[in-house]
Amino acid sequence: MTPAFHTESGSFRIGIIDTGVNPWHSHVRGVVSGMRIFLDDAGKIREDEDFRDLVGHGTAVAGILRQGLPEAEFFVVRVFDETLDSYPSLVARALLRAAAEGCRIINLSLGMPPGPGAEVLVAACQAVQKAGSVLVAAGHPGRPGLLPASLPGVTGVVADDHLKPGEVTVNPGQPYSHAASGWPRDLKGLPSGANLWGNSFACSRVTLGFALEMGAGLSAKPSLELQRSNPSKSLLGDYLINSLLEITMKGRNMKKLLRINMASQTTCSEVVDGSLQLSGGRSLIARILHEEVDAKSDPLGPENKLIVCPGLLADTVAPCSGRISVGGKSPLTKTIKEANAGGTMAKRMAALDLHGLVLEGQPQPNDWFVLVIDASGVGFLPAQPYLGMNNYQLGEELRKALGSDISIASIGLAGERGYLNSSIQFTDLEGHPSRAAARGGLGALMGSKGVKAIVFKDVKKTDWQYEDRAKFVSANKAFSKSILAHPFSGQGLPALGTALLVNVTNEMGILPTHNFSKGRWEHAEQVSGERIAELQAERGGKMSHICHRGCVIRCSQIYNDKDGNYLTSGFEYETIGLFGPNCGISDIDVIARLDKLCDDLGVDTMDAGCAIGMCMEAGLIEFGDAEGALRLAQEMVAGTELGRVLGNGTEATGRHLGVKRIPTVKGQAMAAYDPRGLKGLGVTYATSPMGADHTAGNSIGDHSLDGTCKDGQVDLSRNLQIVMTVFDSLGLCIFSGICCEDPEALGHLVDMMSAKFGGEWTVDRLMGLGVQTLILEKQFNQGAGFSAKDDRLPDFMYTESLESVAASFDISDEELAKALYFGEPV
């Protein structure tokens with residue numbers, strides 16, 4: 001074989017991937033250099049120069065090689081520490097490093113069973129062999145599938161105690177083709193039977209034989225010379241070293257982070273390893289933003305990033321695991337932001353083994369694109385023909401151009417214009433753009449990247465990978481039963497959807513009415529879930545409908561108009577509460593039309609409902625003026641001066657009109673629950689890093705505390721925020737978590753995590769995902785200039801008593817400061 005690499009000195013260099021090597025040992029002394037590849041405390045792959053052998057295994061391997069190759073140079077990569085346990089990704093990176101450092105032959109006296117992460121090791125072996133390095137690896141007589149010894153082109157070796165040192169037999173057709181003596185180099189004064197023995201040393205003896213056949217260089221003089229690895233002088237450069245980026249794209253089941261640079265219209269794929277493997281959805285967004293985005297940057301500038309990602313359980317059959325998360329620095333709140341939605345995109349991304357999609361940079365002004373993604377890569381389709389379209393028409397045109405079997409994330413005119421309240425709309429199973437990542441103005445962020453739509457096409461896959469498939473199936477079945485056994489998620493939501501909460505909150509006295517001035521409304525029944533069910537039974541609509549594949553709750557619906565034609569879907573309580581009672585509108589069809597208009601234009605219905613409430617509070621129209629509300633909403637579509645103000649959300653509208661009672665926190669409108677009668681949620685509104693977000697920790701389902709009393713509400717909110725952060729990170733609908741008030745149901749979820757990812761999982765470890773994410777989110781906000789003074793409700797919540805519950809919000813700033821304190825430095 002013609003050597004592919006030469007070191008600068010011209011010596012023959014052998015790679016040893018093992019526990020390290022003691023270069024001072026009498027059996028090893030010579031030219032030795034090396035490094036360590038390891039996982040740090042955060043789970044990231046790191047490198048340093050510490051190739052010391054803490055076990056002795058690698059030194060024994062090197063001793064055999066040195067005995068026959070006194071002048072060869074060893075390049076050592078330590079991938080084990082005190083135990084002989086490592087990861088395929090570490091060994092893969094070690095292989096690439098050894099090849100890049102000029103090793104003509106690489107000894108791997110190790111073996112790993114096929115399993116999660118094996119694809120990256122396979123891809124690295126193929127790349128290194130293609131580059132010209134010879135690989136020799138240890139097998140095991142009773143384990144025919146060990147990696148990398150069983151791979152094509154890799155010389156697999158087993159020990160044979162009938163062979164003498166120096167003897168090698170070749171057995172073509174066997175699982176491992178070569179055999180050699182399993183004894184290491186003799187130690188003076190120690191009987192051979194008292195020494196080590198095994199396949200590892202047989203492996204190094206075959207490596208020695210190959211090296212001698214290849215003519216190990218005689219140009220280097222033996223000397224005790226310790227050298228440091230210099231990555232900048234790598235012969236294959238960053239291509240082989242930079243986290244296995246391009247090579248491991250060939251690994252079939254490896255999760256990848258796809259980065260799309262909109263300034264250059266180029267893409268880059270990164271294999272996900274280390275800590276990012278257990279970061280998904282909201283937790284992945286927090287980690288990327290914390291590490292890569294300046295918290296003080298302009299939300300609509302080139303430094304901000306838009307992240308779209310499924311949750312950790314998207315590539316499973318877990319119930320309700322098709323939620324998609326979108327994140328970035330919020331144009332609306334200027335805080336960190338994650339918003340999530342149903343629809344079909346999360347499962348499409350999982351089918352491509354995409355852990356996340358990151359939009360970076362900005363194109364030239366007036367350059368707009370539709371990103372089309374499938375198994376072949378990313379296409380940049382010019383979007384000029386689609387500009388000016390709102391989401392329903394856009395979806396129709398994209399299906400004509402790209403086929404009906406596609407998933408779309410898109411922005412309407414609101415996102416194009418940069419409205420701070422603009423949403424990103426996702427298509428459901430019927431193709432309706434009715435699933436909104438609504439909050440925080442992330443549609444404006446997508447528009448700032450010059451992206452009109454993201455389309456995933458022609459991707460189907462169900463052969464998900466599990467560490468223990470049988471265990472997952474069993475735990476998953478039990479968890480699904482728990483969801484359906486709970487009265488709320490198993491009976492109430494499937495029957496009436498989230499609109500069942502209209503009568504519930506009205507009875508509790510927390511239904512926002514006339515801009516949060518009252519908590520009960522005499523016309524609540526006219527916009528209730530019960531009333532919607534009656535109408536849809538007459539009109540042929542659906543009251544039990546899934547927002548994404550795998551949903552077992554079926555709390556969505558398809559709402560038909562008076563003529564039996566489709567009007568809207570995903571018609572939720574929050575929309576009804578804030579366009580209905582909050583604005584005094586009792587015509588449920590008008591509220592449905594407002595919902596459709598907002599989805600089409602691409603704005604958050606919650607902030608839009610509260611913004612129209614600002615207009616009513618200011619006297620532009622009267623409370624209850626349904627037609628007036630429709631006219632105001634149309635101004636957002638038309639882009640009039642007032643329409644643009646409304647498109648920037650509740651706080652912008654209230655300040656523009658001089659309204660004093662503005663129901664926002666950190667610039668984001670409160671949802672349809674008055675916090676004076678639901679104080680646990682009030683704590684969440686005030687302290688969530690996201691602004692006034694009900695999905696961050698809603699206490700509506702808690703029956704252990706009186707919602708009008710402050711006692712225990714801070715602790716309740718903290719626990720709820722942790723749990724909801726976990727569910728947003730797993731990609732599970734938060735309604736599937738209601739059953740987890742039962743420890744047995746929560747235990748099933750813990751078992752699912754263990755069966756999916758391996759290792760020991762406990763409730764504490766699972767909840768730790770939420771705590772870590774909240775800490776990162778808080779740190780980002782602190783970097784953006786937010787402090788404890790921003791963690792409070794609007795003043796009128798403290799000064800005005802809500803008559804229906806005879807209470808104001810009386811939790812102090814000092815008490816609120818304890819809600820998300822986890823002992824970290826402040």
Side-chain angles (χ1 to χ4, degrees), residues 1-5 13-18 37 45 75 77 79 86-140 143-157 172-178 203 206-207 210-211 214 231 234-258 267-273 352-354 375-377 463 465:
M1 174 181 286
T2 302
F5 306 110
R13 182 177 272 197
I14 296 177
I16 301 173
I17 299 175
D18 215 292
I37 296 177
I45 294 182
F75 181 78
V77 187
V79 293
S86 190
Y87 298 92
S89 58
L90 298 187
V91 177
R93 184 159 178 153
L95 274 168
L96 297 177
R97 172 62 83 186
E101 291 290 335
C103 296
R104 293 167 57 187
I105 186 168
I106 302 173
N107 186 92
L108 298 107
S109 289
L110 55 87
M112 296 180 167
E119 292 82 3
V120 66
L121 179 55
V122 172
C125 288
Q126 292 171 345
V128 166
Q129 291 179 92
K130 185 176 181 181
S133 291
V134 175
L135 303 185
V136 185
H140 189 288
R143 301 173 69 183
L146 284 180
L147 300 178
S150 63
L151 295 177
V154 177
T155 300
V157 185
Q174 296 297 312
Y176 307 109
S177 60
H178 286 61
C203 176
V206 172
T207 297
F210 278 12
M214 293 167 67
S234 163
L235 295 178
L236 292 186
D238 291 341
Y239 176 71
L240 286 182
I241 297 173
N242 189 13
S243 302
L244 318 182
L245 298 187
E246 298 300 329
I247 291 173
T248 53
M249 278 293 290
K250 301 173 184 176
R252 188 174 147 271
N253 289 315
M254 289 304 298
K255 293 288 190 69
K256 298 172 285 287
L257 194 65
L258 177 61
T267 66
C268 174
S269 294
E270 300 175 7
V271 168
V272 174
D273 52 22
L352 281 174
D353 298 314
L354 276 182
S376 66
D463 58 332
Q465 303 296 308

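Being a predicted model, the structure only gives us computed values, none of them experimental.
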Nearest atoms (heavy-atom pairs only) where [X] meets [Y]:
X	Y	result
Lys256	Val272	C-CG2, 3.9 Å
Val79	Ala94	CG1-CB, 3.7 Å
Arg104	Met214	NH2-O, 3.5 Å
Ile105	Ala211	CD1-N, 4.2 Å
Ala99	Ile106	N-CD1, 4.1 Å

Would Val154 and Leu108 count as a side chain to side chain contact (heavy atoms under 4.5 Å, CB included) if you check the C-alpha gap in whole Å, the side-chain angles of each, and the deciding distance to 0.1 Å? CA-CA 10 Å; Val154 177; Leu108 298 107; 5.8 Å; no
Kindly determine whether Thr267 and Leu258 satisfy side chain to side chain contact (heavy atoms under 4.5 Å, CB included), including the steps that lead there. CA-CA 7 Å; Thr267 66; Leu258 177 61; 4.2 Å; yes
Is it true that a side-chain atom of Arg13 and a backbone atom of Glu101 form a donor plus acceptor pair closer than 3.5 Å?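 Judged by distance alone, yes, a pair lies under 3.5 Å.
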Could you check whether any side-chain heavy atom of [X] comes within less than 4.5 Å of a side-chain heavy atom of [Y], counting everything from C-beta outward?
X	Y	value
Leu135	Pro148	no
Leu95	Leu121	yes
Met112	Ser86	yes

Spacing of SG belonging to Cys103 relative to CZ belonging to Arg97, to within rounding of 0.5 Å: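 Reported value, rounded in 0.5 Å steps: 11.0 Å.
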Would you give the length of the straight line joining atom CD1 of Ile14 to atom OG of Ser133, rounded to the nearest 0.5 angstrom? 11.5 Å
Side chain to side chain contact (heavy atoms under 4.5 Å, CB included) against Ala138, all qualifying residues, sequence neighbours excluded: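 Result, side chain to side chain contact (heavy atoms under 4.5 Å, CB included) vs Ala138: Asn199, Cys203.
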Sequence neighbours left out, what passes side chain to side chain contact (heavy atoms under 4.5 Å, CB included) with Ala149? Give chain and number order. Ala137, Tyr176
Go through the structure and list residues passing side-chain hydrogen bond (donor to acceptor under 3.5 Å, both in side chains) with Asn107, not counting sequence neighbours. Ser109, Thr207
